[in-house]
*Asks:* 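Okay, handing you the structure first.
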There are 2 protein chains.
Amino acid sequence: MPRVNNDLGRIIKQQRITIPLTLQELAATSSVSSSHLGRIERGERFPSAHILRRIAKPLGFDEDELFTLAGFLSPQTSGVAEEKSATYGNRRLDPYVAKVLAEESIEIQRAVIGILNTIKLVAKGMSKGNE
Amino acid sequence: MPRVNNDLGRIIKQQRITIPLTLQELAATSSVSSSHLGRIERGERFPSAHILRRIAKPLGFDEDELFTLAGFLSPQTSGVAEEKSATYGNRRLDPYVAKVLAEESIEIQRAVIGILNTIKLVAKGMSKGNE
DNA sequence: ATTGACATTTGCCATTTGGCGAATTAGAAT
DNA sequence: ATTCTAATTCGCCAAATGGCAAATGTCAAT
């Protein structure tokens with residue numbers, strides 16, 4: 001049995017105990033077998049993202065909260081869920097561009113992206129030839 | 001060869017091509033083997049959270065963004081481009097399209113629209129000649 | 001102490017993940 | 001077409017995941 005330093009398991013168990021729930025009850029509400037849950041709590045198994053997602057709400061965690069605790073998300077990323085209006089990453093999508101594109105079907109929209117990619121590919125080839 | 005509906009793989013590949021990167025280059029910067037990355041892209045494997053996390057930044061995704069796309073987080077939890085694009089007129093702007101385009105400068109975005117208009121003009125002329 | 005009812009842990013196994021190296025395919029440059 | 005090179009896919013394998021059922025542990029109430 002991997003003797004790794006196990007924070008996640010202790011946190012999960014702590015939360016389960018304080019609710020309080022038994023492993024079987026948590027298993028019932030989360031659709032994860034109690035044996036697997038037990039092994040996760042004592043650090044013998046590491047939960048996949050699917051499993052984490054299933055047990056988050058029954059334990060009263062926000063999804064991103066558990067993911068952060070599991071080390072899947074870095075702390076700063078989560079808990080924001082705000083502003084987000086038109087910014088993707090740092091850049092913005094020009095409102096006029098958005099409006100015009102939105103009038104096309106999804107297929108056309110995707111095709112446009114395809115064309116853009118092709119152009120960039122060609123451009124790359126040209127710059128490669130220059131070096 | 002699971003014939004599952006594979007959005008994630010296509011999105012990842014699309015993003016990789018757009019950057020552009022080869023599988024091997026992405027493998028180098030993400031520390032995930034190229035063969036595994038390839039299988040993920042064509043839906044033969046499903047990436048674990050660890051893998052997803054490793055490839056997020058090299059691909060220019062926010063961590064929670066990729067997790068949401070993978071179905072590990074529900075859309076509302078994270079700050080991803082999701083139906084935040086709402087409706088322009090009656091139609092919607094595909095979130096993925098919006099995201100890709102937003103990574104380009106405003107000039108490029110406008111140029112893309114220009115190309116689209118040109119194509120539509122050409123198409124119109126062709127159909128006119130047929131009638 | 002013994003029984004009974006639950007809760008937890010363990011043994012075992014099927015399935016999946018992910019890496020390495022070989023084979024195949026795709027692109028360039030003759 | 002041919003050859004050379006880089007990129008992708010395939011075959012195989014070790015390790016990990018997660019479920020089921022049996023074993024073990026815990027704790028009341030006899």
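Labels below follow one simple rule: chain letters A, B, ... track the order of the sequence lines, proteins then strands, and each chain is numbered from 1.
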*Asks:* Do A:Asp64 and B:Asp64 come within less than 4.5 Å of each other through their side chains, counting heavy atoms only?
*Replies:*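 They are not in side-chain contact.
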
*Asks:* Rounded to the nearest 0.5 Å, what separates atom CZ in B:Phe67 from atom CG in B:Asp62?
*Replies:*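 One gets 12.0 Å once the value is rounded to the nearest 0.5 Å.
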
*Asks:* Dump every N/O contact between nucleotides 22-26 of chain D and the protein below 3.5 Å, one line per pair.
*Replies:*
none

*Asks:* Between C1' on C:dA7 and CD1 on A:Ile19, what's the gap in Å once rounded to a whole number?
*Replies:* 17 Å

*Asks:* To the nearest 10°, let me know how far the axis at one end of the helix from C:dA1-D:dT30 to C:dT30-D:dA1 is tilted from the axis at the other, five pairs an end.
*Replies:*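 About 10° separates the two local helix axes.
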
*Asks:* With sequence neighbours left out, write down each residue that passes side-chain contact (heavy atoms from CB on, under 4.5 Å) with A:Ile17, or none if nothing qualifies.
*Replies:*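 Expected list: A:Lys13.
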
*Asks:* Roughly how many Å is it from CD in A:Glu41 to P in D:dT17, rounded to a whole number?
*Replies:* 16 Å

*Asks:* Holding to side-chain hydrogen bond (donor to acceptor under 3.5 Å, both in side chains), I want the full list of residues that pass it with A:Ser35, two or more places apart in sequence or in another chain.
*Replies:* A:Ser33

*Asks:* Whole-Å distance between D:dA7 P and B:Leu21 CG?
*Replies:* 11 Å

*Asks:* Using a 4.0 Å cut-off on heavy atoms, which residues in residues 22-35 of chain A reach DNA chain C? List them by number, or say none.
*Replies:*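 Listed by number, they are A:Thr22, A:Leu23, A:Gln24, A:Ser35.
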
*Asks:* Going by ring pair (Phe, Tyr, Trp, His ring centres under 6.0 Å), name the residues that satisfy it together with A:Phe46, two or more places apart in sequence or in a different chain.
*Replies:* A:Phe72, B:His50

*Asks:* Could you check whether any side-chain heavy atom of A:Ser30 comes within less than 4.5 Å of a side-chain heavy atom of A:Leu37, counting everything from C-beta outward?
*Replies:* yes

*Asks:* Within the structure provided, determine whether B:Pro47 and B:Val32 are in side-chain contact (heavy-atom separation under 4.5 Å).
*Replies:* no

*Asks:* Check salt bridge (Lys or Arg N to Asp or Glu O under 4.0 Å) between A:Arg54 and all other residues, then give those that pass, not counting sequence neighbours.
*Replies:*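 A:Arg54 satisfies salt bridge (Lys or Arg N to Asp or Glu O under 4.0 Å) with no residue once adjacent residues are dropped.
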
*Asks:* Can you run down the salt bridge (charged side-chain N to carboxylate O under 4.0 Å, His left out) pairs that involve residues 14-30 of chain A, sequence neighbours left out, and say none if there aren't any?
*Replies:*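 Only A:Arg16-A:Glu41 qualify under salt bridge (charged side-chain N to carboxylate O under 4.0 Å, His left out).
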
*Asks:* Whether B:Arg39 contacts C:dT17 is assessed here as follows: a side-chain N or O lying under 4.0 Å from the phosphate OP1 or OP2. Is that the case?
*Replies:* no

*Asks:* Among the nucleotides C:dT9, C:dG19, D:dC10, which one has an atom lying closest to any side-chain atom of B:Glu44?
*Replies:*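 Nearest to the side chain of B:Glu44 among the choices is D:dC10.
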
*Asks:* Is the shortest heavy-atom distance from the side chain of A:Leu66 to the side chain of A:Ile11 under 4.5 Å?
*Replies:*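 Counting from C-beta outward, A:Leu66 and A:Ile11 never come under 4.5 Å.
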
*Asks:* Between C:dG18, C:dG19, D:dT17, spot the one nearest the side chain of B:Arg45, thanks.
*Replies:* C:dG18

*Asks:* Grab the two heavy atoms, one from A:Pro58 and one from A:Ile19, that are nearest each other, plus how far apart they are.
*Replies:*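 For A:Pro58 versus A:Ile19, the nearest heavy atoms are O-CD1, 3.6 Å.
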
*Asks:* Measure from CG on A:Leu37 to C1' on C:dA7 and round the result to the nearest Å.
*Replies:* 13 Å

*Asks:* Quick check on DNA chain D: between A:Pro47 and B:His36, whose nearest nucleotide comes earlier from the 5' end?
*Replies:*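 The residue mapped nearer the 5' terminus is B:His36.
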
*Asks:* For nucleotides 23-28 of chain C, list the nitrogen or oxygen atoms of the protein found under 3.5 Å from its nitrogen or oxygen atoms, one pair per line.
*Replies:*
none

*Asks:* State the CD1-CG distance between A:Ile40 and A:Leu23, to the nearest 0.5 angstrom.
*Replies:*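 So the CD1 of A:Ile40 and the CG of A:Leu23 are separated by 10.0 Å.
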
*Asks:* Nearest 0.5 Å please: distance from the OG atom of B:Ser31 over to the CD1 atom of B:Ile55.
*Replies:* 12.0 Å

*Asks:* In this structure, how many angstroms lie between the P atom of C:dT17 and the CD1 atom of B:Ile51, rounded?
*Replies:*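 Interatomic distance, CD1 of B:Ile51 to P of C:dT17: 11 Å.
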
*Asks:* Using a cut-off of less than 4.0 Å, is there contact between a side-chain N or O of B:Ser48 and OP1 or OP2 of D:dA16?
*Replies:* no

*Asks:* Could you tell me how far apart B:Phe46 (CZ) and D:dT17 (C1') are, to the nearest whole angstrom?
*Replies:*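 That distance rounds to 15 Å.
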
*Asks:* Between atom CG of A:Leu21 and atom CG of A:Leu59, what is the distance when rounded to the nearest 0.5 Å?
*Replies:* 7.0 Å

